[in-house]
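Letters go in sequence order (proteins before strands), and every chain restarts at 1. Everything numeric in this text was worked out from a predicted model, so none of it was measured.
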Amino acid sequence: MLRSTVAHILKSDESPGQVKVEGWVRTKRDSKAFSFIELNDGSCLANLQVIADATIPGYKESVVHLTTGASLSVSGKVVPSQGKGQKWEIQADEVTLLGKADDDYPLQKKGHSMEFMRSIAHLRPRSNLFGAVFRVRSRMAYSIHRFFQEKGFVYVHTPIITASDCEGAGEMFRVVTMEGEEFNVGEEEFFDKPTYLTVSGQLEGETFACALSNIYTFGPTFRAENSHTSRHAAEFWMIEPEMAFCDIEGDMDLAEEMIRFLVEDALDACEEDLSFFNKFVDKGLIERLEFVRDRSFERVTYTEAIDLLKKSGKTFEYPVDYGLNLQSEHERYLTEEHFKCPTTVYNYPKEIKPFYMRKNDDGKTVAAMDLLVPGIGEIIGGSQREERLDVLRENFEAHELDEKEYSWYVDLRRYGTVPHAGFGLGFERLLMFVTGVANIRDVIPFPRTPGSAEF
RNA sequence: UCCUCUGUAGCUCAGCGGUAGAGCGGGUGGCUGUUAACCACUAGGUCGUUGGUUCGAAUCCAACCGGAGGAGCCA
């Protein structure tokens, strides 16, 4: 008999009749004449209640000794539940123990701390919370592809090992083949030159946009920053669209449309999991997501943002002044207190932004934009790229960069240059926003952070 | 890298100078269409590590290691 999933059985309108289900025991309650077994196979948040009568074969040997975490194969008939709390339950004819769980199985019915769950990252997807997080993660990855594919964007695989430093994106991991004392910088490089794990596929993405018009990347990204915060990881996934014949306005439009599309899709497709988050993780989650879905985002220039902050009457720990970076506390004020909704800040002073951003006509600012969301801060960073060869060359000089290192990037401006723009979306930050989970380590299966690369 | 907090049973935590505790989880028995089930009994610990102070340290001090939060950097 083919295996049915718990999700399939629970959403049936009529009884599917005789079925086989397989999964892991979440909890068991014994009665004199039978046992209740809560079986979960990860296909959905809910468990299937199994009624194992004391008369079924092997009851005394296996069912009585079942503990949380054991794996089972159950055959039986799906019947309407006599109890409250579930529509269907399965009256078992046969319960086969596939694998018992030792009595030190760490997951319990009671709540565990997130820190403890990180220490058992190989078992935590068996919990309600992490099962839900990773189902939503899968759905959002699918939805990102759907969003772009339906718009005719071409998915490009930019290299993971790269020799180019997307300046301003952060510290890089060095790729070497030698170990320890064998390693001398510049000597016997496998690739003939120093190479790193990518911090961004943007520069390579630009080359494909300047051929296929609209492209996106979606892949792993690496930063060797020694960051100890709830929003940073050494390995994370990033989505980077790049559009030819597009300016900063079109770039911001796409970013906002994308966030709204993903939030709407999560509300539609992940209802059960989001309800769980709303109940146990973040009580205002669904209300906030619906707000994002239904309302337009705020959009202010950097200069306006500085004015708002100065007029706010708030005292900030860090100074607010034109030419200074917006600090976390400033971003938080704008999006959480002033506008109370996702906010795009654009046109930043050129001095605080990287060389590739397009200089505006005012000569002072560049066409950069950051999309800030409440609770997380920056979720998207992007810009219109400098397509004018002479201005790009001035930028190399101003940023003290060697043009020769970027010859292929410069070529794009020599051979049929076009206005183009793009942005980077941190996939895990999106997931934090959509699930309400507060720590990036809890939305990535096996998080890599400074000093920690277990599993 | 800087600042702050934290480390006691499988898990969550109490104890804060004088014989190591509770709840949950495990085991055994009972009871009940139960659903964070319930009741009784029971097993379970080099109190992060090393050193110091003390008659005596889980408790006080120092260093180190691990974990967390914040800042910076950014996605």
Side-chain angles (χ1 to χ4, degrees), chain A residues 26-39 46-53 64-69 79-86 89 91 101-120 123 127-128 166-171 199-202 220-240 255 280 317-318 325-329 331-332 352-354 370-373 376-382 423-433 438-444 449-452 454:
Chain A
R26 280 295 174 80
T27 177
K28 182 195 65 160
R29 295 174 291 276
D30 291 322
S31 179
K32 195 167 213 168
F34 55 92
S35 297
F36 297 100
I37 303 166
E38 297 277 342
L39 198 70
N47 304 322
L48 179 64
Q49 178 161 284
V50 178
I51 312 299
D53 207 89
V64 166
H65 299 284
L66 279 180
T67 57
T68 303
V79 296
S81 180
Q82 294 174 33
K84 287 178 184 165
Q86 59 280 317
E89 64 189 22
Q91 186 74 48
D102 286 352
D103 61 16
D104 59 355
Y105 182 68
L107 282 169
Q108 297 173 19
K109 221 173 331 185
K110 288 215 164 193
H112 291 287
S113 67
M114 298 299 253
E115 292 82 358
F116 173 67
M117 292 303 244
R118 283 170 212 150
S119 74
I120 52 164
L123 296 172
S127 68
N128 287 335
C166 193
E167 186 248 3
E171 294 295 313
V199 290
S200 168
Q202 181 201 314
T221 308
F222 307 88
R223 303 275 167 91
E225 298 287 349
N226 190 16
S227 296
H228 292 265
T229 82
S230 57
R231 306 178 306 283
H232 292 87
E235 178 183 293
F236 62 99
W237 284 59
M238 190 154 65
I239 297 100
E240 295 182 287
F280 293 107
E317 190 182 341
Y318 290 88
N325 263 312
L326 294 179
Q327 304 291 322
S328 291
E329 57 173 350
E331 295 179 350
R332 219 174 296 134
I352 58 175
K353 290 292 180 183
D370 286 345
L371 202 169
L372 314 174
V373 296
I376 292 158
E378 185 180 343
I379 195 169
I380 282 177
F423 62 80
L425 167 70
F427 186 46
E428 284 76 15
R429 290 196 181 169
L430 171 79
L431 290 173
M432 291 165 72
F433 183 64
N439 196 305
I440 197 166
R441 297 172 182 91
D442 303 323
V443 295
I444 191 162
T449 50
S452 175
E454 285 304 305

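No hydrogens or angles were tested; on distance alone, nothing pairs the side chain of A:R231 with the base of B:A75 as donor and acceptor under 3.5 Å. Side-chain atoms of A:H232 come within donor-acceptor range of the base of B:C74, with a qualifying N/O pair under 3.5 Å. Checked by distance alone, A:Q49 brings a side-chain donor or acceptor within 3.5 Å of a matching partner on the base of B:U34. Donor-acceptor pairing under 3.5 Å, judged by distance alone, is present between the side chain of A:E89 and the base of B:G33. The base of B:C38 has none of its N or O atoms less than 3.5 Å from a complementary donor or acceptor on the side chain of A:R29.
Comparing atom distances between the A:P106 side chain and each of B:U34, B:A75, B:G10 picks out B:G10 as nearest. Picking from B:G69, B:U1, B:G72 the nucleotide with the shortest atom distance to the side chain of A:S328 gives B:G72. Here the side chain of A:S113 is nearest to one of B:U35, B:U12, B:C74, namely B:U12. Each of B:A68, B:U34, B:U1 was ranked by its minimum atom distance to the side chain of A:Q86; first place goes to B:U34. Comparing B:A75, B:C11, B:A71 by their closest approach to the side chain of A:F116 singles out B:C11. Of the candidate nucleotides B:G25, B:G72, B:G33, B:G25 has the atom lying nearest to any side-chain atom of A:Q108.
Using a 4.0 Å heavy-atom distance criterion, A:T67 is classed as a sugar-phosphate-only contact. When heavy atoms are screened at a 4.0 angstrom cut-off, A:N47 is found touching no nucleic acid atom at all. When heavy atoms are screened at a 4.0 angstrom cut-off, A:L425 is found touching no nucleic acid atom at all. Backbone-only contact: A:G381 has heavy atoms under 4.0 Å from sugar-phosphate atoms and none from a base. At the heavy-atom level, A:E428 lies nowhere under 4.0 Å from the strands shown.
In terms of modelled atom types and a separation under 3.5 Å, the side chain of A:E428 and the main chain of A:F236 share no donor-acceptor contact. For A:R118 (side chain) and A:D442 (main-chain N/O), no donor-acceptor pair under 3.5 Å exists by modelled atom type. A donor-acceptor contact shorter than 3.5 Å links the side chain of A:E225 to the backbone of A:E171. Between the side chain of A:S35 and the backbone N or O of A:I37 there is no donor-acceptor pair closer than 3.5 Å.
A close approach under 4.0 Å does occur between a side-chain nitrogen or oxygen of A:Q327 and OP1 or OP2 of B:G72. A close approach under 4.0 Å does occur between a side-chain nitrogen or oxygen of A:R332 and OP1 or OP2 of B:A71. In this structure, A:N226 does not reach the B:G72 phosphate: none of its side-chain N or O atoms is under 4.0 Å from OP1 or OP2. Between A:S230 and B:G70 there is a side-chain N or O to OP1 or OP2 distance below 4.0 Å. For the pair A:R441 and B:A68, the criterion of a side-chain N or O lying under 4.0 Å from OP1 or OP2 is met.
A:R29 has its side chain within reach of A:Q49: a pair of non-hydrogen atoms, C-beta onward, lies under 4.5 Å apart.
We find that the ring of A:F236 and the base of B:A75 stack, their centres lying under 5.5 angstrom apart and their planes tilted less than 30°.
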